[in-house]
Amino acid sequence: MSDFSNNQKIDEENASIEEIESAISQLSTADLSRLNQYAYFRVSGLGRFSKGYTKEALLNEALTRTLEGKRNWRKSAVDFVGHLIATMRSISSHWADESKTDKENLHIGQDSIDSSDEEIAHRKELLESEVLKETAEGELLSPINMAASLDPDQERIIAAKQLLERIQKLFSDDRQVLDVMDGLSCEMTGVEIQGVTGMTLNEYDAAIKRLRRNVRKMIS
Amino acid sequence: MPEPRDYKKELLAVMFSLADSIENATDSEVIEEVKQSGQNSEVIAQDVRNVLLDSVKAFRKRNLIDAKERYKMNVIKIETGTFDLPATSQERRELLFKVVNDNPYMAKGLLTAQYREFKDLSDDDVESMLKQLQQLGALKTPDDKEK
């Protein structure tokens, strides 16, 4: 196929702004809820202290890239919801990579993170007592709290640890969900998890649903 | 010595997998999960639709601003540029008529229907259009003609 024909084919498949607007207006409550849930979990994976990564920002970015033609919606190949989900997947993966780069740049050690929460709180208290300053108005200022924003990656690691522990506690009597979570956290696929744990596909799907529903409920 | 746990990576893997599992969930499952999290699916849906429509609106607005900026730049170029046009208004009108006749596709972009006959075009309009054509390279300058 010539370059011209290839370009023509791409042009034919790109959606116009009017087609995109029309697709938005035709989205059902389930479609919109699905987009919301998808964006919610992808952003939650980036952590509570991620820099301005919200589900609204993810949805907006996905649509803006489509409108700008940076991501083409091939109408013949995928529906609008599928396209937005694929675009959000790509953007949030990129955000996750950015977050990793931030961590490397910050040279954060893991030792303090592997300590228990009580130990971390105790260390913070000791440090704080040594450096607390009183203003003329009698207000106590903690340089540690004031400097917290300088070390966002450490906050993200602590928040991730706490959230994972909360989820594990929530499912402490549900072995299958714990196995699924353990597998997912090691980046195993569903098939691999089923292979390792001996779960059937139905059991695996049911465990994923329980995990998803309860995590959503717990965080919200 | 075992490697320290990477909690961020673990959370990322779990949440990204849960997100991906939403893709295959049925519509009723999705709605049910929204309800179970204590939210109203209709309200959520409207919020998401608004986010998307706001993005479209912002995109249109940005396009409009860019187009206005480009128009302004073109006007400045025309006002400050040097053009080689016939000396009299009659000659300029004849030249425009010839160019448009030779290139009818140009007339569509350059002239609105009411001006197609040229009768309502002021001398200034004619001059401005010739300048635009010359700037676009659609009007030969005396130098081009010699070549």
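Here is how names work: the chains are called A, B, and so on, in the same order as the sequence lines, proteins then strands, and each is numbered from 1. Quick caveat: nothing in here was measured; it's all calculated off a predicted structure.
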Notebook entry, point to check: Counting a contact as any heavy-atom pair under 4.5 Å apart, which residues of residues 183-197 of chain A contact chain B?
Noted result: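 The stretch touches chain B at A:Leu184, A:Ser185, A:Glu187.
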Notebook entry, point to check: What residues of residues 62-70 of chain A sit under 4.5 Å from chain B when only non-hydrogen atoms are counted?
Noted result: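 So far as heavy atoms go, A:Leu63, A:Thr64, A:Leu67, A:Glu68 are the residues that approach chain B to under 4.5 Å.
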Is there side-chain contact between [X] and [Y], with heavy atoms separated by less than 4.5 Å?
| X | Y | result |
| --- | --- | --- |
| B:Leu18 | A:Arg216 | no |
| B:Met15 | A:Arg42 | no |
| B:Tyr7 | A:Ile158 | no |

Note to self: I'd like to know which of A:Ala30, A:Ser93, A:Ala39 tops the heavy-atom pair count under 4.5 Å against chain B.
What the structure shows: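 Highest number of heavy-atom pairs under 4.5 Å: A:Ala30.
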How far apart are the closest heavy atoms of [X] and [Y], and which atoms are they?
| X | Y | value |
| --- | --- | --- |
| A:Ser92 | B:Phe16 | O-CZ, 3.8 Å |
| B:Ser41 | A:Thr29 | O-CG2, 3.6 Å |
| A:Arg34 | B:Ile22 | NH1-O, 2.8 Å |
| B:Val56 | A:Glu21 | CG1-OE2, 3.7 Å |
| B:Val34 | A:Ser33 | CG2-CB, 3.9 Å |

Next item on the list: Name the region of A:Ile85, side chain, backbone, both or neither, that has any atom closer than 4.5 Å to a heavy atom of chain B.
Entry: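 Interface part for A:Ile85: side chain.
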Item checked: Toward chain B, the part of A:Leu163 with a non-hydrogen atom under 4.5 Å ->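 Only the side chain of A:Leu163 comes within 4.5 Å of chain B.
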Checklist line | Residues A:Arg89, B:Glu23; criterion salt bridge (charged side-chain N to carboxylate O under 4.0 Å, His left out); working and verdict | finding: CA-CA 11 Å; A:Arg89 179 182 296 122; B:Glu23 253 191 298; 2.5 Å; yes
Rounded to the nearest 0.5 Å, what separates atom [atom1] in [X] from atom [atom2] in [Y]?
| X | Y | atom1 | atom2 | answer |
| --- | --- | --- | --- | --- |
| B:Asp54 | A:Glu56 | CG | CD | 11.0 Å |
| B:Ser55 | A:Ile24 | OG | CD1 | 7.5 Å |
| B:Gln36 | A:Lys217 | CD | NZ | 5.5 Å |

Notebook entry, point to check: Is the side chain of A:Arg213 donor-acceptor paired with the backbone N or O of B:Glu32 at a distance under 3.5 Å, no angle test?
Noted result: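 No, A:Arg213 side chain to B:Glu32 backbone: no donor-acceptor pair under 3.5 Å.
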Check: Is A:Arg212 reaching over with its side chain to a backbone N or O of B:Ser21, donor-acceptor style, under 3.5 angstrom?
Finding: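 Side chain of A:Arg212 to backbone of B:Ser21: a pair is present.
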Next item on the list: Pick one of side chain, backbone, both or neither for B:Ser28, based on which atoms fall under 4.5 Å of a heavy atom in chain A.
Entry: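 Contact with chain A is absent: no heavy atom of B:Ser28 under 4.5 Å.
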Margin query: What residues of residues 57-66 of chain B make heavy-atom contacts with chain A at a cutoff under 4.5 angstrom?
Written below: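 The stretch touches chain A at B:Phe59, B:Arg60, B:Arg62.
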Check: chain A contacts: which residues in residues 42-53 of chain B have a non-hydrogen atom closer than 4.5 Å to it?
Finding: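 Within residues 42-53 of chain B, near chain A: B:Glu42, B:Ile44, B:Ala45, B:Val48, B:Arg49, B:Val51, B:Leu52, B:Leu53.
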